[in-house]
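Everything on this sheet refers to the single structure shown next.
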Amino acid sequence: MRSIVWFRHNLRLSDNPPLYHASREGPVLPVYIWDPSLDTLPDGARKWWLAGSLRALNGQLETHGLTLVLLRGPSEEILFRLARDLQIGAVHAAPGRTPEERRLDLKVSRILSGAGVPFLTESTDYLIAPEFVPEGRSGPWKVFTPFWRFCRSRLSPDSPLPAPAKIAKVPGPRGERLEDWGWDPPVPDWAQTMRRTWRPGEAAALERLELFVAETLAGYGRRRDFPAEDGTSKLSPHLAQGEISPRQIWRKVTESKALEKDREKFLEELGWREFAAHLLRHNPEMLESPLRKIFLNYPWKAEGRGFELWKRGMTGFPLVDAGMRELRLTGGMPNRVRMVAASFLVKNLGISWRSGAAWFAENLVDYDPASNAASWQWVAGCGTDSAPFFRIFNPVLQGERYDPRGEYVRKFVPELARIPDRYLHRPWMISGGSGNCPGDFSSSYPDPFVDLKTSRIAALQAFRRLSTPG
DNA sequence: AGCTCATTGAT
DNA sequence: TCAATGAGC
């Protein structure tokens, strides 16, 4: 039987159930659809990654004599036409992850079944598919720790599926050319930085995993917090595009000889990803709306000059600015820095987490709707199990604690390259004239435009009024 | 997975 | 003068 394999966020050959099953049943037409109704974000780093990922996938399919067929338009119409014209017996795909994608799944399924073609979905996007995680005692899980304890105690993911040994080909249409989709960045310099930083595609993802487990997993628990240390896995963009599956990662990590403490800490990060998916499944409004509804009344400030400065990495707080510039330059940012930058936007600038989440969505190569929203709500204090609102990061102290030598800041904020460690995270104090700083430090680096202390107090006051109205 | 301020006890 | 500690935000 001939099948369509509709590649979505599972751009890999190994451990890919739709591809695996379809290829055992008969010839395959591999398809990727650019559906404008699902692609409402401005083009950014993610598009660069996606283009690379599609090229890599096509390269792998070509070793089997297949070509990834690129098509643009409404997914359900495209799939219906292909299925009808090519005498297709079934369409295989990974199920949608967002509410929007899941609505599309229903539409696709309805239209295909009208043509007598089953729409078969299966995925290994998560260690436990969100629909199979039993609810807690009183409904869906709301707190991470019991959720993860529960999952962890019963987790024994199946072995990853191998890549199909042979894939037979359905002769199909030529499809469009990726070059015509305009996803390659218009600015060559930017692409160069991206290429130096990342390598999209399944082969790179598997190599990254090997390298991480061999060299970085030991010490992960401590080093992950130090942005200059390169102590994180850097697997998130591969996961976001499905170039690798979490159970492939699970397998390698649990088999590793690293200390249990480090292994468990890393698996817990996979756990947060699972938790975000669980939350989204049971709270489909979570992408736009706070889980704690009282936050609907929080007096967020309008985006304005402050938001512009935050986005450009010109707030005057070195750790925040380094992170925001890294994001803009490379599409990445380590978790610790994300928390600090996000806390600063929400608590010190008083701007809604939704504005921040939108900017991250546009710029992160590892953008994942569920994880992004869940993490922003965690920082903002409006999630079900989030940092308490009054937990406010101080970017100066965080900088001094986690980037004491300023290696990370200096890398992304060159204006500060020659500032002595002592002042690196509070450069405005130099112009205060201590006299200890010979040399030319007058630079284009901006002075802070908010006061950490007063903005913090204002945020706490707004929050208190929220919880005790009247 | 925080910060600040006040207090305390050691230098 | 300053590190350690704890309460409260």
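Heavy atoms only: backbone and side chains are in, while hydrogens, waters and symmetry mates are out. A, B, ... follow the sequence lines: proteins, then strands. Residue 1 opens every chain.
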task = Let me know the distance between CZ of A:Phe389 and P of B:dA1, rounded to the nearest Å.
result = 21 Å

request  = Send over the distance from A:Trp376 CH2 to B:dA1 C1', rounded to a whole Å.
outcome  = 15 Å

ask   = Hey, does A:Arg401 reach any base, or is it just sugar-phosphate, or nothing, if we go heavy atoms under 4.0 Å?
value = sugar-phosphate

task = Report which part of the nucleic acid A:Tyr402 touches: base, sugar-phosphate, or nothing (heavy-atom distance under 4.0 Å, all strands).
result = sugar-phosphate

Are [X] and [Y] within salt-bridge range, i.e. N to O under 4.0 Å?
X: A:Arg292; Y: A:Asp385; answer: no
X: A:Glu288; Y: A:Arg354; answer: no
X: A:Arg251; Y: A:Glu255; answer: yes

ask   = Where the side chain of A:Leu397 is concerned, which of B:dG2, B:dC3, B:dA1 is the nearest nucleotide?
value = B:dC3

query = With distance as the sole criterion, is a donor-acceptor pair present between the side chains of A:Asn363 and A:Arg328 under 3.5 Å?
reply = yes

message = Under a plain distance cut-off of 3.5 Å, with no hydrogens placed, do A:Arg12 and A:Ser245 share a side-chain donor-acceptor pair?
response = no

ask   = Where the side chain of A:Arg208 meets the backbone of A:Lys234, is there a donor-acceptor pair that is under 3.5 Å apart?
value = no

Atom pairs under 3.5 Å, N or O on each side, protein against nucleotides 7-9 of chain C: can you list them with distances?
| from | atom 1 | to | atom 2 | distance (Å) |
| --- | --- | --- | --- | --- |
| C:dC9 | O3' | A:Arg464 | NH1 | 3.3 |

